[in-house]
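Take a look at the structure below.
Reckoned from all heavy atoms, side chains included, excluding hydrogens, waters and symmetry mates. Just so you know, ligand 1 is whichever comes first in the structure, and atom 1 is the first atom listed for that ligand.
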Amino acid sequence: MPVSSAKTAIRGCYITFKDNPFMVAPEESLSIEEDGLIIMEAGRITDCGPYAALASKLDKAVLVMHYPDSIISAGFIDTHVHYPQMPAIASWGQQLLPWLEQYIFPTEANFDNSAYAEAVASAFLDELLRNGTTTAAVYCTVHAQSVDAFFRQSEKRGTRMIAGKVLMDRNAPDNLRDTAKSGYDDLTALIQRWHNKGRQLYAVTPRFAITSTPEQLEMAGDLLTRHPDVFMQTHLAENMDEMKAVSSLFPDSASYLDVYAQAGLVGARSIFGHGIYLQETDFQHCHHAGCTLAHCPTSNLFLGSGLFKLFDAIRSDRPVHVGLGTDVGAGTTLSMLGTMGEAYKVSLMAGAERLQAIQAFWLATAGAAEALKLDTKIGRIAPGMEADLCILDPAATPVLAQRTAHCQTAQDMLFPLMILGDDRSVKATLVNGQAVYERP
Ligand SMILES: [Zn+2]
C-alpha cells in the first residue's frame with residue numbers, strides 16, 4: 001500500500017511511554033491523554049497532545065477519525081513468531097523435539113511452493129493486523145521463496161517486518177535441509193533484495209543449534225559481520241531435552257548461549273526465542289551484548305517447556321532486553337493481549353514478583369522497540385514516530401464491559417484488557433497512518 005501524503009488525525013484516549021516501567025514506578029512511566037489528538041502525515045506522527053490544544057491548529061479539511069470509549073496504543077510488536085506454522089497451530093500431545101518432527105517439519109515442507117507460501121503469508125499478516133500487531137520478528141522456512149512471499153505481502157500492506165530464511169543443514173528431513181554454502185548464497189541474495197527495502201528488515205535465522213552444523217553457524221556469523229545492521233534470530237534454552245542435545249552436540253561450549261557466541265551470533269541485534277534455562281553468567285552475557293530474549297508464554301505452556309524467569313532476566317543491576325512473542329504454531333494465539341495475560345500468569349508461577357499491566361504493555365510496544373533498536377521509529381506515540389497504531393475496545397465483550405465499567409481511568413482498564421482481551425478487543429489497526437483493519 002503506497003504511503004498516503006494526505007494529513008489525517010485520530011481523536012481519542014491514547015497511552016504511550018516516557019520511561020521504562022521496570023526501572024521507575026510503572027505509573028510514572030506511562031503517559032495518558034484522556035482526550036487526545038494524533039496528527040499524521042506521510043506515514044508519520046507529526047503532532048500529538050490534548051485535543052483541546054491541538055484541534056484549532058488543524059485545517060477543517062483534515063479527516064479526523066474519532067474513537068470515543070477506546071484506548072489508542074502504539075501498534076503491538078511480536079518479537080518471535082513463525083508464519084509457516086500457522087496451519088499447524090494446536091497440534092496435540094508432544095513437547096518440542098517430537099512436536100517439530102511430527103507436526104512442524106511436514107507443515108514447513110509445503111513452502112517450497114511460492115503460491116502456497118504467499119497465501120499463508122497473506123492470511124498470517126491479516127491476522128496480525130486483526131490483533132493490533134504491526135511489527136513482528138518472523139521465521140520463514142528453509143526455502144528462499146518463503147521469504148520472498150512473506151516480504152512481498154508485508155510490502156503490500158506497508159508493515160515494518162523483520163524476517164528471514166531458516167537455516168537448517170542437519171537433523172532435519174532431506175527436503176528441509178540446506179547446506180552451509182547454499183544458505184550463505186541464499187542469504188546474500190535475500191539481504192540484498194529485502195533488507196531496508198522500504199520498511200522490510202532481514203534477520204539471519206538459524207532455527208537452533210541442533211539443526212545447524214558449526215560450519216553453518218560460523219557462516220551465519222560471517223554474514224552478520226558483513227552486514228552489521230541485519231538482525232539475527234534463533235531459539236535458545238527452550239526445553240530440557242533440547243538442552244541435553246545441544247550439550248552433546250557442542251561438548252566444548254560453556255553453555256547453550258556460548259555455542260552462538262562462539263559463532264559470532266550474540267550481538268545487539270540478536271533475538272533469542274525463550275531463554276528459559278539460562279544461568280546467571282548467560283544473563284550477564286546477554287546484558288553486555290545488548291541482545292533480546294523473546295518471552296513466549298503461550299508456547300512455553302502449550303509445549304510444557306517451562307517457566308521463563310522474567311524478573312530475573314530484567315534485573316535492574318544488569319537488565320536484559322525482553323520482548324513478548326506469540327511463537328505460533330507452538331503458541332496458541334496471535335493476540336498480544338492474550339500473550340500479556342499469559343505472561344502475567346507465568347510471572348506468578350516463576351517467582352515472587354508479579355507482572356504489572358503497564359509493564360506488560362511496555363513489553364509489547366516501547367520496550368520491544370527499544371530491544372530491537374527500532375525505538376526511534378516505532379513503539380511510542382510521539383512526533384516523528386511511524387504512525388502504526390491500534391485502537392482497543394475495553395468493552396469488547398460482555399464480560400470485559402462489566403469489568404471495565406467500574407474502572408475510573410484508562411490505566412485501570414489495562415489489566416482487564418490483557419486478561420480478558422483478544423482479537424475482539426481490537427477496533428482498528430493503522431499502518432503508516434492508514435486504517436488497514438477495522439472491526440466489522
Ligand atoms: Zn519459535
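Note on ring orientation: taking the six-membered ring where Trp is involved, the planes of H235 and Y139 are tilted (angle from 30° to 60°).
Not one N, O or S atom of H274 sits under 2.8 Å from the Zn ion (ligand 1). Among the atoms of C296, no N, O or S atom is found under 2.8 Å from the Zn ion (ligand 1).
Nearest heavy-atom pair across D393 and L417 is O-CD2, 3.9 Å.
Looking at T298, its side chain does come within 3.5 Å of a backbone N or O of T332 through a donor-acceptor pair.
For the pair NE2 of H82 and NE2 of H235, the angle whose vertex sits at the Zn ion (ligand 1) is 100° to 10 degrees.
Shortest distance from the Zn ion (ligand 1) to D327 is reached at OD1 (N/O/S atoms only).
Only one option out of R160, R199, K197 pairs with E155 in a salt bridge (Lys or Arg N to Asp or Glu O under 4.0 Å); it is K197.
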